[in-house]
Amino acid sequence: MKKIQMTTPIVEMDGDEMTRILWKMIKDELILPFVDLKTEYYDLGLPNRDKTEDKVTVEAALATKKLGVGVKCATITPNAQRMDEYKLHQMWKSPNGTIRSTLDGTVFRTPITIPSIHPAVKFWKKPITIARHAYGDVYRDVEIIADEPGKAKLIFEGEDGKVEELLVHEFKGPGVLEAMHNTDKSIRSFAHSCFQYALSLKQSIWFATKDTISKKYDGRFKAIFEEVFAEYKDRFAEAGIEYFYTLIDDAVARVMRSEGGFIWACKNYDGDVMSDMVSTAFGSLAMMTSVLVSPDGKYEYEAAHGTVTRHYYKYLQGEETSTNPIATIFAWSGAFRKRGEMDNLPELQNYADQLEGACFDTLNDGLATKDLVGLMEGITPTQLSSAQFLKAIRERLEKRLA
Ligand code: NAP
Ligand code: MG
């Protein structure tokens, strides 16, 4: 069989632990036999990040900015225990944080749904993608504990000398106070990423705040989204999708009663809370993909889960694990589809569709990894190891591509 050709490379970011093992297995079984793979390879495994003083992460992020499409394996975010385990020179920052800030991007998480796994919410028929604004609000707050009576004030001193001062509260006894901020620039980038991705998926986008209460702060989010949307309005109409704004409590109620099939853009805190709710309601973390989209339309694909450490320790003891590779495969298929779209390579786009189709065929035939076996209804699933599961997907992919 003639291999599918690529023109521009994809930025390939290798990672850690069990997902690093799966990464190689996926390439060997499902990619290299079919695609004349072109990647720019960056080893983001923790030992190499430590060796390069984390420069490799910055280089990978810049390469993604340049080439437009990246795919990333899960990586360890070091903590004190990892410092010991890997004898690190420094507690390197989260690679995802570095990549996100370099690309100024927004993360979109989408569940991969199959007929035999029913969402906890019975109305949901299609996936709901959550976009979380990743800057500011309470995540960059300052807080004070007022342990005696006194006045709390909010003061802004402009560089040109303008001063605005507001009384927050006159405390008669102990209490707490907090101030937070956001920037027009960050909100605008968030809005661009959201509208870009909505066009890319051809799905409508919802956004919600509490601007009836927070008239200036949340009102600013609403106004910037409206302003940015003006640039996308015609393209949305052409694609037959819409931008829908409502209050956050109304949004939550509507999401629960919806069929799904849209993108839900959330402020930082709302996204933190709602993404855990939505992903749990859809079933399994191992079936959740994640894509970082920059305001100028660069894409970095990955699985939403981590390096699955517990399975890796078993693997090191020679045990065959049943770790689910689906979200990592979908990171690759997402990257191939986007690369194909950008480079006008229909064969590569078709390969991405068939790869995902082969995963669905396998799952719909009742072949699954351990995490899914307990969730499947209406069929009697057979539990496979990761290696057996990938072989089953390969057989079906070969049939589809023949
Ligand atoms: P995790 O790797 O997502 O795993 C948590 C648990 O979820 C696993 O122990 C496993 O449960 C289940 N699970 C997750 N993915 C699975 C899969 N593909 N197949 C089967 N089961 C799966 O999270 P963690 O253990 O909290 O974090 C491990 C490391 O990953 C940490 O060092 C963290 O820094 C890193 N991390 C990286 C990213 C990223 O790169 N984007 C994201 C999150 C975490 P059972 O053990 O019960 O089977
Ligand atoms: Mg959270």
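In this chain, numbering begins with 1 at the start of the sequence shown.
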Practice problem: Dump the intermediate steps for side chain to side chain donor-acceptor pair (under 3.5 Å) on S333 and E356, then the final yes or no. | Solution: CA-CA 7 Å; S333 59; E356 290 178 5; 2.5 Å; yes
Exercise. Determine, step by step, whether T309 and E17 satisfy the side chain to side chain donor-acceptor pair (under 3.5 Å) criterion, reporting the C-alpha distance in whole Å, the side-chain angles of both residues, the deciding distance to 0.1 Å, and the verdict.
Key: CA-CA 6 Å; T309 310; E17 298 193 315; 2.8 Å; yes
Practice problem: Start with the C-alpha distance between T307 and D16, add both sets of side-chain angles, then the distance that settles side chain to side chain donor-acceptor pair (under 3.5 Å), and finish with yes or no. | Solution: CA-CA 6 Å; T307 58; D16 290 299; over 6 Å; no
Exercise. Check the pair I393 / R396 against side-chain contact (heavy atoms from CB on, under 4.5 Å), numbers first and verdict last.
Key: CA-CA 5 Å; I393 297 171; R396 286 157 182 82; 5.9 Å; no
Quiz prompt | Derivation and outcome, salt bridge (Lys or Arg N to Asp or Glu O under 4.0 Å), residues E395 and K399 | solution = CA-CA 6 Å; E395 280 166 21; K399 274 200 201 115; 5.8 Å; no
Practice problem: Let me see the working for R235 and E238 under salt bridge (Lys or Arg N to Asp or Glu O under 4.0 Å), right down to the final yes or no. | Solution: CA-CA 5 Å; R235 278 178 280 168; E238 227 172 84; over 6 Å; no
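When side chains are defined from C-beta on, L363 counts as touching F389, because their heavy atoms get closer than 4.5 Å. At least one side-chain heavy atom of R337 sits less than 4.5 Å from a side-chain heavy atom of E341. In this structure, V255 and M274 have side chains that are not in contact, with every pair of non-hydrogen atoms separated by 4.5 Å or more. In this structure, T110 and F330 have side chains that are not in contact, with every pair of non-hydrogen atoms separated by 4.5 Å or more. Counting heavy atoms from C-beta on, the side chains of R132 and D272 come closer than 4.5 Å. Side-chain contact check for F336 versus M6: some heavy-atom pair is nearer than 4.5 Å. Looking at K210 and F221, their side chains never come closer than 4.5 Å, going by heavy atoms from C-beta outward. Under the 4.5 Å side-chain criterion, counting only non-hydrogen atoms from C-beta, T106 is not in contact with V293.
Note that the CZ atom of R394 and the CE atom of M25 stand 12.5 Å from one another [nearest 0.5 Å]. In this structure, OG on S189 lies 11.0 Å from CG on L103, to the nearest 0.5 angstrom. Here the NZ atom belonging to K3 is positioned 11.5 Å from the CD1 atom belonging to I31, to the nearest 0.5 angstrom. The distance from atom CG of D28 to atom CG of L390, rounded to the nearest 0.5 Å, is 10.0 Å. Interatomic distance, CD of Q354 versus CG of D361, reported as 9.0 Å (0.5 Å rounding). Atom-to-atom distance recorded for D43:CG and R49:CZ is 9.0 Å, nearest 0.5 angstrom.
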Would you list the atom pairs, donor with acceptor, under 3.5 Å between side chains in residues 370-377 and any protein atom, with sequence neighbours excluded?
unit_1, atom_1, unit_2, atom_2, d
D371, OD1, T369, OG1, 2.7
D371, OD2, N324, ND2, 3.0

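What you find for T19 and H305 is that their closest heavy atoms are CG2-CE1, 3.6 Å. Heavy-atom minimum distance, I329 versus C359: CG2-SG, 3.8 Å. Smallest separation of non-hydrogen atoms from P111 and P127: O-CB, 3.5 Å. A pairwise comparison of heavy atoms in A265 and F207 identifies O-CD1, 3.2 Å as the closest pair. D36 and Q5 get closest at one heavy-atom pair: OD2-OE1, 3.1 Å.
The backbone N or O of D211 lies less than 3.5 Å from no partner atom in the side chain of S214, so there is not a single donor-acceptor pair. The main-chain N or O of G136 is found under 3.5 Å from a side-chain atom of N268 such that the two form a donor-acceptor pair. The main-chain N or O of H89 is found under 3.5 Å from a side-chain atom of D50 such that the two form a donor-acceptor pair. With hydrogens and angles disregarded, no donor-acceptor distance shorter than 3.5 Å links the side chain of K338 to the backbone of G70. With hydrogens and angles ignored, the 3.5 Å screen pairs no side-chain donor or acceptor of D137 with any backbone N or O of N182. The main-chain N or O of G105 is never found under 3.5 Å from a side-chain atom of R100 such that the two would form a donor-acceptor pair. Formation of a donor-acceptor pair under 3.5 Å by the K215 side chain with backbone atoms of T212 is found in this model. A donor-acceptor pair is defined here as one N or O able to donate and one able to accept, closer than 3.5 Å; no such pair exists between the side chain of S290 and the backbone of A304. When atom types are taken as modelled, the side chain of S200 and the backbone of Q196 share no donor-acceptor pair closer than 3.5 angstrom. With hydrogens and angles disregarded, no donor-acceptor distance shorter than 3.5 Å links the side chain of D141 to the backbone of E143.
Within 6.0 Å of CD on E231 lie more than 12 heavy atoms contributed by other residues, nucleotides or ligands. Surrounding OH of Y245 are more than 12 heavy atoms belonging to other residues, nucleotides or ligands, all under 6.0 Å away. The neighbour count for I145 CD1, taken as heavy atoms of other residues, nucleotides or ligands under 6.0 Å away, does not exceed 12. By the neighbour-count criterion of 12 heavy atoms within 6.0 Å, atom CD of E164 is sparsely surrounded, having that number or fewer from other residues, nucleotides or ligands. Atom NZ of K27 has more than 12 heavy atoms from other residues, nucleotides or ligands within 6.0 Å. Few gaps surround CD on E165; more than 12 heavy atoms of other groups in view lie less than 6.0 Å from it. Around the CG atom of L62, the shell of radius 6.0 Å holds more than 12 heavy atoms that belong to other residues, nucleotides or ligands.
In summary, the side chains of Y135 and S101 do not present any donor paired with an acceptor at a separation below 3.5 Å, with no hydrogens or angles considered. Side-chain contact check for N96 and S94: no donor-acceptor pair (N or O, by modelled atom type) lies under 3.5 Å.
Remark: D218 engages K267 in a salt bridge, criterion side-chain N to carboxylate O under 4.0 Å.
Y301 and Y299 have parallel rings, their planes meeting at less than 30° on a 0 to 90° scale where 60° marks the start of perpendicular.
F229 meets the ring-ring contact (aromatic ring centres under 6.0 Å, His included) test with F195, F236, Y243; sequence neighbours excluded.
A distance of 6.0 Å or more separates the ring centres of H133 and Y269.
A salt bridge (Lys or Arg N to Asp or Glu O under 4.0 Å) check over residues 57-76, counting only residues at least two apart or in different chains, returns the pairs E40-K66, K72-E302.
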